[in-house]
Number of protein chains: 2
Amino acid sequence: MNDGVRWLTEDEQRVWRRYLAATSMLSEYLERRMQQDAGIPHTYYEVLVSLSEAPECTLRMSELAVRSRFSRSRLSHAVTKLEAKGWVIRTSCPTDKRGAWATLSEQGRAVLEAAAPDHVEAVRKALFDVLDSEQVRRLGEITGAIVDGLAEECEAVEADADEGPG
Amino acid sequence: MNDGVRWLTEDEQRVWRRYLAATSMLSEYLERRMQQDAGIPHTYYEVLVSLSEAPECTLRMSELAVRSRFSRSRLSHAVTKLEAKGWVIRTSCPTDKRGAWATLSEQGRAVLEAAAPDHVEAVRKALFDVLDSEQVRRLGEITGAIVDGLAEECEAVEADADEGPG
DNA sequence: ACGATATGGTTGAGTCTTCAACGATTCGAT
DNA sequence: ATCGAATCGTTGAAGACTCAACCATATCGT
């Protein structure tokens, strides 16, 4: 029965399935909460947060994409919506004419501040209220290991892409 | 500065952000791997797995929705696609004329079995290879707590909905 | 200085998901 | 037996995301 595939053990399967259940339930819960209580999707909220933490509340599109873990394309579409709502302002970059800045507007900041309490409450209810401090510490370690591992994978993939087909 | 909001501590913020990074990176990694290596979205793969584990490889649509954590609507759309590909077969239920069965076809089983090694390899690379067995055990506990907590929340929400507006 | 290449960002088409509304059927109370 | 409410599943439209293609600009090698 050794076919070269490193199948999961029973325990690993249980953990994997619970992981899938937990992460999807949590993200759905957060999405629903944010949409209903604050009237803004959770992912858009994260974009506004990234901007609010930048100097002058302004970032280059590409940098904003990295910080909010959006693809360039996804961010471009998202900022179009956010601009239409008046929460973000696009301006073109004078030193690099290809580039564009995104800036959090006053209105955007107001929306962000109004949504923040709902957001933190949802995160607490779903995550920190059900874990003791030891578990929180361990979750930090575990997620850190996952991020590091995947960061390596991603670099490897990019390196492959750079090499080209021959 | 006590405004009644239970803001996150610095440590909690760090953990929360790493959690977001880890879960989104992992799901993107898996999605990409499955799409490229096996030519099937990860979520669809999970639907096929759920079916394959049912007696006769058959489930009611609503039950399949619960097991794969799809909304009814999402599942209905998804099964339409899977049926078009010939991987799933819909049949109407004789005892309950509202209902419908979904059955994994032979072709569907073949696709599933072909994709399984790629899937398990991706899960290992992203998760189990970067964690020691102690961390895996703890991840199981933590995700279990999250699932339990959110299950309660969901019941509460449903109960509210049942009560109606007054 | 010039052409090739790389980068920053946008766009449109296609796909997936959500949401609300719907038709059909079953259940429950009277 | 019948009427109202709940359940099962589907549908269509709107929103969000991905992917590939694309312009415009900047950078690099010569």
Side-chain angles (χ1 to χ4, degrees), chain A residues 24 27-36 39-47 58-85 88-103 157-159 161-164, chain B residues 24 27-36 39-47 58-66 68-85 88-103 158-159 161-164:
Chain A
S24 81
S27 89
E28 273 162 37
Y29 175 72
L30 214 57
E31 192 62 42
R32 193 167 306 263
R33 255 356 227 192
M34 290 302 288
Q35 192 65 257
Q36 291 183 350
I40 167 178
H42 175 239
T43 49
Y44 285 16
Y45 177 81
E46 295 293 328
V47 172
T58 297
L59 284 174
R60 285 288 289 268
M61 290 294 284
S62 52
E63 181 59 24
L64 180 54
V66 170
R67 297 203 193 179
S68 42
R69 294 181 309 278
F70 274 43
S71 70
R72 291 177 187 285
S73 161
R74 185 183 176 190
L75 181 65
S76 189
H77 285 298
V79 168
T80 300
K81 301 276 178 175
L82 291 173
E83 207 180 8
K85 286 177 178 283
V88 168
I89 299 163
R90 260 196 190 102
T91 51
S92 67
C93 171
T95 69
D96 183 341
K97 287 182 185 167
R98 293 169 306 182
W101 302 95
T103 303
V157 168
E158 281 168 21
D162 290 347
E163 281 173 21
Chain B
S24 81
S27 89
E28 274 162 37
Y29 176 72
L30 213 59
E31 193 61 42
R32 193 167 307 261
R33 264 342 238 186
M34 290 302 288
Q35 193 65 257
Q36 290 183 351
I40 167 181
H42 176 239
T43 47
Y44 284 18
Y45 177 83
E46 294 295 327
V47 171
T58 297
L59 285 173
R60 286 290 289 268
M61 289 294 282
S62 52
E63 180 60 22
L64 179 55
V66 170
S68 41
R69 294 179 310 276
F70 273 44
S71 69
R72 289 177 188 285
S73 161
R74 185 183 177 191
L75 180 65
S76 189
H77 286 295
V79 168
T80 300
K81 302 275 178 174
L82 290 172
E83 206 180 10
K85 285 176 179 285
V88 167
I89 298 162
R90 262 195 189 100
T91 51
S92 67
C93 172
T95 67
D96 182 342
K97 287 180 187 170
R98 294 168 305 181
W101 303 94
T103 303
E158 281 167 22
D162 289 349
E163 279 174 19

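Throughout, a chain's letter reflects where its sequence line sits, starting with A, and its residues are numbered from 1.
With rounding to whole Å, B:M61 atom CE is found 17 Å from C:dT25 atom C1'. Put simply, CD on B:Q36 is 11 Å from C1' on D:dC19, counting in whole angstrom units. A straight line from CG of B:L75 to P of D:dC8 spans 13 Å, rounded to a whole angstrom. Atom P of nucleotide C:dG9 and atom CD of A:E63 are separated by 10 Å, given to the nearest angstrom. B:E31 has its CD atom 13 Å from the C1' atom of D:dC19, to the nearest Å. The interatomic distance linking B:Q35 (CD) with D:dA20 (P) rounds to 10 Å, in whole Å. The separation between A:E46 atom CD and D:dA16 atom P is 16 Å, rounded to whole Å. For A:R32 and C:dA20, the CZ to P distance is 10 Å, given to the nearest whole Å.
Comparing D:dC19, D:dG9, C:dG9 by their closest approach to the side chain of B:R72 singles out D:dG9. Of the candidate nucleotides C:dT25, D:dC19, C:dG9, C:dG9 has the atom lying nearest to any side-chain atom of A:R60. Side chain of A:R74, nearest nucleotide from D:dC17, D:dT25, C:dG9: D:dC17. Of the candidates D:dT25, D:dG9, C:dT10, D:dG9 carries the atom nearest the B:A100 side chain, counting heavy atoms from C-beta on.
Two residues are said to be in side-chain contact when any heavy atoms from C-beta on lie closer than 4.5 Å; B:I40 and B:K85 fail this criterion. Proximity of B:K97 to B:S92: side-chain heavy atoms (C-beta onward) are nowhere separated by under 4.5 Å. No side-chain heavy atom of A:M34 sits less than 4.5 Å from a side-chain heavy atom of A:P41.
Between A:K81 and D:dA16 there is a side-chain polar atom (N or O) within less than 4.0 angstrom of OP1 or OP2. Neither OP1 nor OP2 of D:dT10 sits under 4.0 Å from any side-chain N or O of B:R98. Contact annotation: A:R90 reaches the phosphate of C:dT10 (side-chain N/O to OP1 or OP2, under 4.0 Å). Of the side-chain N and O atoms in B:S71, none sit less than 4.0 angstrom from OP1 or OP2 of C:dT17.
Scanning all heavy atoms of the two residues, the minimum distance from A:L75 to A:A65 falls at CD2-N, 3.5 Å.
Nucleotides of DNA chain D nearest to A:T95 and A:T43 differ in position, and the one nearer the 5' end is that of A:T43. Each of A:E28 and A:H77 was assigned the nucleotide of DNA chain C with the nearest heavy atom; the assignment lying further toward the 5' end belongs to A:H77. Mapping B:W101 and A:Y44 onto DNA chain D by nearest heavy atom places B:W101 closer to the 5' end of the strand.
The closest donor-acceptor contact from the side chain of A:E46 to the backbone of A:S68 lies at 3.5 Å or more, if one exists at all.
Within 4.0 Å of B:S92, counting heavy atoms only, lies no atom of the nucleic acid at all. Residue contacts shown for A:S62 are limited to sugar-phosphate atoms, with no base heavy atom under 4.0 Å away.
With values rounded to the nearest 0.5 angstrom, A:T80 atom OG1 is found 7.0 Å from A:E83 atom CD.
For C:dC19, the base has a donor-acceptor partner in the side chain of B:S73 [N/O atoms by modelled type, under 3.5 angstrom].
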